[in-house]
*Asks:* 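Okay, handing you the structure first.
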Amino acid sequence: MTSELATDSAERRRRGEAVFSDVMTVPSALDASPYRDAGLLDFVFPEVWARPGLSRRDRRWITLACVGAADTVAPIEAHVYAALRSGDMTFEQMQEFVLHFAVYCGWPKASFLDEVVWRQQSRVAAERGEPGPDGRPWDVWSAGMDPETRISNGEQCFAAVNCVPYPGRTTAYRTAGILNFVFGEVWQRPGLTTRDRRFITLACVGLDDTVGPIRSHFYSALKSGDVTIDEMRELILHFAVYSGFAKAEFLDEVVSESWAGIQRGAAEAAR
Amino acid sequence: MTSELATDSAERRRRGEAVFSDVMTVPSALDASPYRDAGLLDFVFPEVWARPGLSRRDRRWITLACVGAADTVAPIEAHVYAALRSGDMTFEQMQEFVLHFAVYCGWPKASFLDEVVWRQQSRVAAERGEPGPDGRPWDVWSAGMDPETRISNGEQCFAAVNCVPYPGRTTAYRTAGILNFVFGEVWQRPGLTTRDRRFITLACVGLDDTVGPIRSHFYSALKSGDVTIDEMRELILHFAVYSGFAKAEFLDEVVSESWAGIQRGAAEAAR
Amino acid sequence: MTSELATDSAERRRRGEAVFSDVMTVPSALDASPYRDAGLLDFVFPEVWARPGLSRRDRRWITLACVGAADTVAPIEAHVYAALRSGDMTFEQMQEFVLHFAVYCGWPKASFLDEVVWRQQSRVAAERGEPGPDGRPWDVWSAGMDPETRISNGEQCFAAVNCVPYPGRTTAYRTAGILNFVFGEVWQRPGLTTRDRRFITLACVGLDDTVGPIRSHFYSALKSGDVTIDEMRELILHFAVYSGFAKAEFLDEVVSESWAGIQRGAAEAAR
């Protein structure tokens, strides 16, 4: 990895400026400060966003979840705008992202994202001379709306995503929440792939600090093959940048443990 | 307010120990430290929990949301145990709390609460020589499960809770999320009163830092009359203790603004 | 700043390992991963901790607040241990830190820190062949315990710290909370300097995301002269590393605005 680093400070800064423009779709224009110079332009853009191993679009999911959770207006607006303007994400995909994020980081934080997605789509459309998003009602997604069917579907979806059997219908949280809505509806909605949803979820559970969901989602993302171990390692570095090295350290530990367990299991199965 | 404060240090400490035992249902037993002594025993218990203006049960909802969001194992376990052991909350009410909390602070944080509620109920039951919680399936709440009916119900419930008309069905977040699930189901479930749900929600949106939901929920809690202005002021002090004075300061501002607006509106209407 | 960067990848890594050992008081021993290699050893230690402009002890306060808020066990334990073992902080100072942190980030997160400080002090003492911390009661801090005196002292302390007059005694949050306890007691306690408390507070309000307290504390830290503009810029980069570039961007904006305002004020006063 170290061989990819710029060995000249001026070159490193130039690369930082170039990667910033590529990712953000506008040139960097913050006041000079260590945060911007030593941080963003010398490290975050040239040495994290520029790394191979994850696509720019994969990195955007992680970033969008992290800035959405951090509540800071300017980064949320800038990253939503860049996601839409670059064409990496469609308006419809961004809307599904907001719903998925709402589940994992709570509806209040998602409500601001919902507004920003709409406004930035209007802005991008105006720049392109296209009509902005219209106010037509969003279709109700009705799959499995019979209660029992929906919860059964939720159980199957839970098992497929988590690589373990569904939990019993023993609590309100599990029955009305997890099975009925989170897996009975959200994870099954069209518009995002399961892999997209995994990237968003991994960032969100990392943000939430809760040991159980971190362990289960990092394990199942690897176990399912939706995210490779090398991609996962990149995800953690990217997450560290946007949500802090403190939270990321636990993710790095969990991934090492999960991966060791998965490899042990595979070795035993091969015997 | 100041007249209620102890004027003698030893008396203040004694009162702190007594209120701690009453609230936590066990004696205080931490090692000596400024956190425990100057903090918990000289301030949090004798000068916040002991204040009039909110019931102990009201204060528990705020506390449970705050400790749930803070992710720290020992306080979550201690406060869930105390809520159940004191009889202030039933097992069923605590389960509804977990579901409501999941919506506002995200499912990952709620999943740990869900486990803790179950374990602490088992512990309390064992202490009482009663059978623990059984694993019978939780009933599916089927009201309004026809998609259109459910969303229409959600619109009405949204308007009743928020004291403003429902937002358009224009985004996935609003349609599939807010109308279909949050107000189409969660707020309408039996087990908790609307006032209970408001206390939980007010703490959760305060935790989430998002300006829009804070403004709308603090306004509507006052406007609806479910929470009086004096209760709201107590809520903010209590919240400050458990989630930090920094977050609470904004709540204090918002309540002043909301209340001024509501009074202006009432004065105009009276003319 | 760029001239201080290593221009050779191997040298950069070596420097990273050396700074890691110096700061953490133990050699780096994590599994290889982008998080550890491209992140910690090539950036966080050689290019942030090694920067001039803040002392290692100043950087520790920021780090301790950030890891405390991030709830991740291993970094909390490692940084508390390193703070004590290095001699940069005494046990008493760390205890005051926990109390101050409790006020700004809430008691639940602080309770875990309180435990960790005690355990790591025992560990450091055992390594040195010294007796561990004893369980004697912590002295009651009794200054201003007459309620009115206490609140008056709180008003004076509030004005001195915030560089603006105290707010009216108009709400429970302000009277029983801010004036009675936060400024009537915590900020006045011996054990930490005002500058120490500012570093801790700046990190905590940054973590809390609330606009008002961020603006007021960053302004007053600069206005008072307790933290210089260059130190403040370093603080933000350091904060970005441990709590994410997303939150830090807003701090960088606020500092630019505050500093411009302070300079304008000084220029006008000089005319």
Side-chain angles (χ1 to χ4, degrees), chain A residues 71 92 95-96 98-99 101-115 117-118 133-142 145-148 150-151 168-178 180-182 185-186 189 191 201 204-205 207-214 216-217, chain B residues 70-71 73 92 95-96 98-99 101-115 117-118 133-142 145-148 150-151 168-178 180-182 185-186 189 191 204-205 207-214 217:
Chain A
D71 302 312
E92 286 69 27
Q95 301 231 37
E96 288 297 327
V98 173
L99 178 62
F101 175 89
V103 167
Y104 285 95
C105 288
W107 300 82
K109 285 183 192 286
S111 76
F112 183 65
L113 274 175
D114 193 49
E115 287 172 35
V117 166
W118 192 272
D134 57 21
R136 75 182 155 76
W138 197 266
D139 288 342
V140 175
W141 184 80
S142 56
M145 289 298 281
D146 165 65
E148 176 54 37
R150 204 155 97 121
I151 290 195
R169 302 182 187 183
T170 46
T171 68
Y173 168 78
R174 291 181 176 185
T175 309
I178 290 290
N180 167 48
F181 184 64
V182 178
E185 180 158 347
V186 177
R189 292 174 60 90
T201 306
C204 289
V205 295
L207 290 157
D208 284 322
D209 311 313
T210 333
V211 173
I214 289 173
S216 68
H217 282 288
Chain B
D71 304 312
V73 175
E92 287 67 28
Q95 301 232 37
E96 287 298 326
V98 172
L99 178 62
F101 175 88
V103 166
Y104 285 94
C105 288
W107 301 82
K109 286 183 191 287
S111 76
F112 183 65
L113 275 175
D114 193 50
E115 286 172 37
V117 166
W118 193 272
D134 57 21
R136 74 184 155 75
W138 197 265
D139 289 342
V140 174
W141 185 81
S142 55
M145 287 299 280
D146 165 66
E148 177 53 36
R150 205 153 95 122
I151 289 193
R169 301 182 188 183
T170 47
T171 67
Y173 168 78
R174 291 181 177 184
T175 309
I178 290 291
N180 167 48
F181 184 63
V182 179
E185 180 158 348
V186 176
R189 291 173 61 90
C204 289
V205 296
L207 290 158
D208 284 322
D209 310 312
T210 331
V211 173
I214 289 174
H217 282 288

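Here is how names work: the chains are called A, B, and so on, in the same order as the sequence lines, proteins then strands, and each is numbered from 1. Values reported hereafter were calculated over all heavy atoms of this structure, with side chains retained and with hydrogens, waters and symmetry mates removed.
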*Asks:* What heavy-atom pair brings B/Ala172 and A/Gln95 nearest, and what distance separates the two atoms?
*Replies:*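 Shortest heavy-atom separation between B/Ala172 and A/Gln95 comes out as N-OE1, 3.4 Å.
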
*Asks:* As an exercise: rank A/Leu113, A/Ile178, A/Val103, A/Leu99 by heavy-atom pairs under 4.5 Å with chain B and give me the winner.
*Replies:*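 Of A/Leu113, A/Ile178, A/Val103, A/Leu99, A/Val103 has the most heavy-atom pairs under 4.5 Å with chain B.
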
*Asks:* Would you name the heavy atoms of A/Lys109 and B/Asp208 that are closest together and state the gap between them?
*Replies:*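 Smallest heavy-atom distance, with atoms named: NZ-O, 3.0 Å.
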
*Asks:* Which residues satisfy the side-chain contact (heavy atoms from CB on, under 4.5 Å) test with A/Ser216, sequence neighbours excluded?
*Replies:*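 Result, side-chain contact (heavy atoms from CB on, under 4.5 Å) vs A/Ser216: A/Asn162.
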
*Asks:* Measure A/Thr170 against the heavy atoms of chain B and call it side chain, backbone, both or neither at under 4.5 Å.
*Replies:*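 It is both, since atoms from each part get that close.
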
*Asks:* Using the side-chain contact (heavy atoms from CB on, under 4.5 Å) criterion, which residues pair with B/Ala110? Sequence neighbours excluded.
*Replies:*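 If we apply the side-chain contact (heavy atoms from CB on, under 4.5 Å) test to B/Ala110, skipping adjacent residues, the hits are A/Tyr173, B/Val98, B/Phe101, B/Ala102.
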
*Asks:* Top residue by heavy-atom pair count (under 4.5 Å) with chain B, among A/His217, A/Glu96, A/Glu115, A/Arg189?
*Replies:*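 Of A/His217, A/Glu96, A/Glu115, A/Arg189, A/Arg189 has the most heavy-atom pairs under 4.5 Å with chain B.
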
*Asks:* Looking only at heavy atoms, which two atoms of B/Pro108 and A/Pro213 are closest? And how far apart?
*Replies:*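 Looking at all heavy atoms of both residues, the closest pair is O-CG, 3.5 Å.
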
